[in-house]
Protein chains: 2
Amino acid sequence: MRSHGTDGGVAQAVLRRFNALRPLSDEDAAALEHAIPEGLLRAGPGEDLIAEGDPVDSVRLVLSGWMFRHKTLEDGRRQIVNFILPGETCDAHAYLLSTMDHAITTATPVAYAEIKRARFELLMAAHRTLAEAFMCETLLNSAIQREWVINLGRRAAFERVAHLFCEIFERLRPVGLVDGNSCALPVTQTDLADATGLSVVHANRTIQELRASGLIVLKDRTLTIRDLEALKNAAMYSPGYLRLYRAK
Amino acid sequence: MRSHGTDGGVAQAVLRRFNALRPLSDEDAAALEHAIPEGLLRAGPGEDLIAEGDPVDSVRLVLSGWMFRHKTLEDGRRQIVNFILPGETCDAHAYLLSTMDHAITTATPVAYAEIKRARFELLMAAHRTLAEAFMCETLLNSAIQREWVINLGRRAAFERVAHLFCEIFERLRPVGLVDGNSCALPVTQTDLADATGLSVVHANRTIQELRASGLIVLKDRTLTIRDLEALKNAAMYSPGYLRLYRAK
DNA sequence: CGTCCGCTTTAACATAAGCTAACGGGCAGC
DNA sequence: GCTGCCCGTTAGCTTATGTTAAAGCGGACG
């Protein structure tokens, strides 16, 4: 199945994720893998990959590393609207709307593949299942966005942070990035605050509380969930919106 | 252009909206109009059209009336995650994910058209621009969802409600549902509270404040915006995310 | 014509979360 | 080995928003 010597396994996360959404045929997988090395790129941590208002005319696949989507108000208040984790795509189809309504910044060093619009459209036309998988990615993104609206609108700080942790854990699982009950959490507390709509101080207090409750350990950018079920209960986490049935 | 005697003008809102996203050829428009009367349906106010977890296998187009998407936590806290206004679609492509991750309820009496998946896919295959228009609808929905995340995460109550009002006004404009500086707002304060993540009491206080500031008049389910620019400033409303450039 | 009911409004009080400020620890660079 | 900087942490005080409760108000309905 691996056919490109130079990028051995580099597309692994993407393939695993897509297979969880729509099982891909070997042919579909090969076509996707083939498109990746052509547009392979890297970026360091804290780099702005694209800003609000920028024109879009390609699709990106995250091979490794974390990014996040965010918007900033005139007076500087920033909100992270979503994280983009390994295996996920930025902006499939977004070129249809011409420009970005939000910015994307890297949290860690990342490797990603950029597929130009024309190339992408050919790929979609030729591989129906692949097209559906990308479509699912986009829909799932909406579903996650809706869950974040609930998180910010109706959950208290403790539940909110707990929920975010559950979600990240469950999103990393299908791409093989959880190790037992631990996963990487390579972002600052400022980022977590901006993702949960809290002030940094309160985000910190909340994390302390989560630690004190024995539900999690968070140290050296590694999150360990001591009791996932209990954490989900505390977060009022309702499974399902991530649609990872097939992913086990 | 009108060819169906019985549904005279019923698809007007949908066509206006689509034209604002992707100018449709007469042929595309005709194909869409043709699909509508077949699945024409009505519902009263407060009806649950679909619940979380329900299977989806059709696309709906709202011809008239308001609906909203919402999720409810186990303990009853409810969050409206978006309104669905006349001319907008529910769930284009959503059938790809099999089931709903949220519920849809009507706020007013509504008329809508239901297009079954098979029919919809044929329509998409035959009309590229129409397919793009539906795709844009889906993407726009995501963009709105992101803006709601910012609204709930980083705006204070006053800004939040002001922002919602600006958004609704701008979303109703391209479908011809604003009249001067007024538009319908056929929802209760409880609904507004659930959409803005506030308690009813505080939502009410905030609306009073908005009235006192002279920015709006809200009476008999009609919203009048006294000074749209001022309201947008107060809301830190950044145009653009609704992509209504072409709609003027 | 009175009663019920859903919606809005007000009041009084409770509290979660914000803000400002300062300190500590680790790590990179000089 | 000192210095600076980023990040996490803690403290003390402020405030926006939630909660509970009750009253007003108008329309629907018998």
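Lettering follows sequence order; numbering is per chain, from 1. Excluded from the calculations below are hydrogen atoms, water molecules and symmetry mates; all remaining heavy atoms, backbone and side chain alike, are included. Bear in mind the structure is a predicted one, so any value in this text is a computation, not a measurement.
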K.L.:
Using a 4.0 Å heavy-atom cut-off to protein, can you give one letter per nucleotide of nucleotides 12-29 of chain C, 5' to 3': B if the base is in contact, S if only the sugar-phosphate is, - if neither?
P.N.:
B----BBBB---------
K.L.:
Between C1' on D:dC7 and CG on A:Leu192, what's the gap in Å once rounded to a whole number?
P.N.:
12 Å
K.L.:
Side chains of B:Arg78 and B:His70: donor-acceptor distance under 3.5 Å anywhere?
P.N.:
no
K.L.:
Just checking, is any N or O donor in the side chain of B:Thr224 or B:Asn181 under 3.5 Å from an acceptor N or O on the other one?
P.N.:
no
K.L.:
Rounded to the nearest Å, what distance is computed from the CZ atom of residue B:Arg221 to the P atom of nucleotide C:dC7?
P.N.:
7 Å
K.L.:
Rounded to the Å, how far apart are B:Leu210 CG and C:dT9 C1'?
P.N.:
16 Å
K.L.:
If you pin A:Ile207 and B:Val200 to their nearest nucleotides in DNA chain D, which one's is more 5'?
P.N.:
A:Ile207
K.L.:
Does a side-chain N or O from A:Gln189 land closer than 4.0 Å to OP1 or OP2 of D:dC6, or not?
P.N.:
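No, outside the criterion.
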K.L.:
Please give, in whole Å, the distance from C:dC7 P to B:Gln208 CD?
P.N.:
17 Å
K.L.:
Classify the side-chain pair A:Glu167/A:Trp148 by whether it contains a donor and acceptor separated by less than 3.5 Å.
P.N.:
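Yes, side-chain donor-acceptor contact under 3.5 Å.
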K.L.:
If we ignore angles and hydrogens, is there a donor and acceptor under 3.5 Å between the side chains of B:Glu137 and B:Thr89?
P.N.:
yes
K.L.:
Heavy atoms only, 4.0 Å cut-off, all strands: where does B:Arg211 land among base, sugar-phosphate and nothing?
P.N.:
sugar-phosphate
K.L.:
OP1, OP2 of C:dT9 versus side-chain N and O of B:Asn204: anything below 4.0 Å?
P.N.:
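So the side chain of B:Asn204 is within the cut-off, an N or O lying under 4.0 Å from OP1 or OP2 of C:dT9.
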K.L.:
Is the backbone of B:Leu218 close enough, under 3.5 Å, to the side chain of B:Arg211 for a donor and an acceptor to pair up by distance?
P.N.:
yes
K.L.:
Just report the end-to-end axis angle for the helix from C:dC1-D:dG30 to C:dC30-D:dG1, five pairs per end, to 10 degrees.
P.N.:
40°
K.L.:
Between B:Thr108 (side chain) and B:Trp66 (backbone), is there a donor-acceptor pair under 3.5 Å?
P.N.:
yes
K.L.:
Is there a donor-acceptor contact under 3.5 Å linking the side chains of A:Thr222 and A:Ser182?
P.N.:
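There is no such pair between these side chains.
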K.L.:
Does A:Ser64 reach the main-chain N or O of A:Val110 with its side chain, forming a donor-acceptor pair under 3.5 Å?
P.N.:
no
K.L.:
Can a side-chain donor-acceptor contact be found between A:His163 and A:Arg160 if the only test is distance below 3.5 angstrom?
P.N.:
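No, because no side-chain N or O of A:Arg160 sits under 3.5 Å from a partner of the opposite role on A:His163.
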K.L.:
Let me know the distance between NZ of A:Lys219 and C1' of D:dG8, rounded to the nearest Å.
P.N.:
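Going from NZ in A:Lys219 over to C1' in D:dG8 covers 12 Å.
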K.L.:
Round to a whole Å and report the spacing from CG of A:Leu152 to C1' of D:dT17.
P.N.:
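Roughly 16 Å, once rounded to whole Å.
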